[in-house]
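Below is one structure, written out as structure tokens, with a few remarks after it.
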Amino acid sequence: IPPIPCYPDELNQVWTNLIHNALQAMDHKGRMEITADQTDTHVIVSVTDSGCGIPKENLERIFNAFFTTKARGQGSGLGLGICKKIVEKHNGTITVESEVGRTVFRVALGKY
């Protein structure tokens with residue numbers, strides 16, 4: 001994977017949030033896979049977990065500020081919204097696919 005122009009500290013926050021959320025979704029047990037791939041124009045990083053999944057009715061809202069399904073005191077609902085803002089600042093996209101036992105977050109970042 002080639003180096004890409006970026007703000008490393010900001011992207012570190014994206015990876016930290018996605019990994020932390022995956023661990024929580026799996027109750028710190030299960031399987032997590034992190035992969036990096038590339039197309040002609042993008043580097044794509046995927047974080048996949050074997051956790052509880054995200055209900056379909058919540059998928060449209062998970063990137064909204066203050067939306068959370070976590071118990072009070074366990075999450076502010078800001079993590080994924082911040083991830084989306086950081087990724088978009090890098091002219092990238094963040095997407096999610098989810099079902100029970102398999103959730104995949106994909107971050108696509110432009111090479112140029």
Side-chain angles (χ1 to χ4, degrees):
I1 304 296
I4 60 169
C6 68
Y7 298 98
D9 291 341
E10 291 183 11
L11 287 180
N12 193 35
Q13 186 170 2
V14 172
W15 315 136
T16 299
N17 281 336
L18 293 178
I19 291 167
H20 181 71
N21 285 354
L23 289 170
Q24 286 184 318
M26 298 185 301
D27 197 25
H28 298 272
K29 300 174 248 180
R31 179 176 169 82
M32 180 188 317
E33 182 177 337
I34 301 169
T35 61
D37 202 357
Q38 63 180 319
T39 66
D40 289 340
T41 58
H42 290 84
V43 169
I44 301 165
V45 177
S46 299
V47 178
T48 304
D49 71 65
S50 63
C52 60
I54 302 167
K56 289 185 192 283
E57 62 270 14
N58 292 340
L59 285 174
E60 295 178 12
R61 301 171 57 198
I62 62 169
F63 295 109
N64 293 349
F66 302 109
F67 177 77
T68 185
T69 58
K70 295 177 183 173
R72 187 177 183 106
Q74 291 188 354
S76 64
L78 293 173
L80 289 175
I82 290 169
C83 287
K84 183 175 181 184
K85 286 184 184 298
I86 290 170
V87 169
E88 288 175 347
K89 179 178 178 179
H90 286 82
N91 296 315
T93 59
I94 183 169
T95 59
V96 62
E97 297 172 17
S98 187
E99 60 187 46
V100 174
R102 185 173 187 273
T103 297
V104 183
F105 280 88
R106 283 188 187 85
V107 176
L109 301 167
K111 289 183 181 178
Y112 311 105

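Distance check, rounded to the nearest 0.5 Å: CD1 of I54 to CD of E97 gives 11.0 Å. A distance of 6.0 Å separates CZ of R106 from OG1 of T95, quoted to the nearest 0.5 Å. How far CD1 of I62 is from OG of S98: 8.0 Å, rounded to the nearest 0.5 Å. Here the CD-CG distance, from E33 to D49, works out to 11.0 Å after rounding to the nearest 0.5 Å. Once rounded to the nearest 0.5 Å, the distance linking CD1 of I82 with OG1 of T16 reads 12.0 Å. Once rounded to the nearest 0.5 Å, the distance linking CD1 of I86 with CD of Q13 reads 4.0 Å.
Cluster annotation: M32 is connected to V96 through the hydrophobic network of ILVMFWY side chains, with a link wherever side-chain heavy atoms come within less than 4.5 Å. By the rule that hydrophobic residues join a cluster once side-chain heavy atoms approach within less than 4.5 Å of another member, F105 and L23 end up as members of one cluster.
Taking 4.5 Å as the limit, some side-chain heavy atom of V107 sits within range of a side-chain heavy atom of L18. Two residues are said to be in side-chain contact when any heavy atoms from C-beta on lie closer than 4.5 Å; L109 and C6 fail this criterion. Within the 4.5 Å cutoff, side-chain heavy atoms of I19 are placed close to those of I34. Residues N17 and L80 form no side-chain contact, since every pair of their non-hydrogen atoms from C-beta on lies 4.5 Å or further apart. Using a 4.5 Å cut-off on side-chain heavy atoms (C-beta onward), V45 and W15 make contact.
Other residues, nucleotides and ligands contribute over 12 non-hydrogen atoms within 6.0 Å of the CD atom of E57.
Residues V104 and S46 come closest through the heavy atom pair CG1-CB, 4.3 Å. Annotation for I44 and A108: closest pair CG1-CB, 4.1 Å, computed over non-hydrogen atoms.
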Test side chain to side chain contact (heavy atoms under 4.5 Å, CB included) on Y7 and D9 and set out the steps.
CA-CA 6 Å; Y7 298 98; D9 291 341; over 6 Å; no
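Checked by atom type and distance alone, the side chain of K111 pairs as donor or acceptor with a backbone atom of T39 at under 3.5 Å. Judged purely by atom type and a 3.5 angstrom limit, S50 uses its side chain to pair as donor or acceptor with the backbone of R31.
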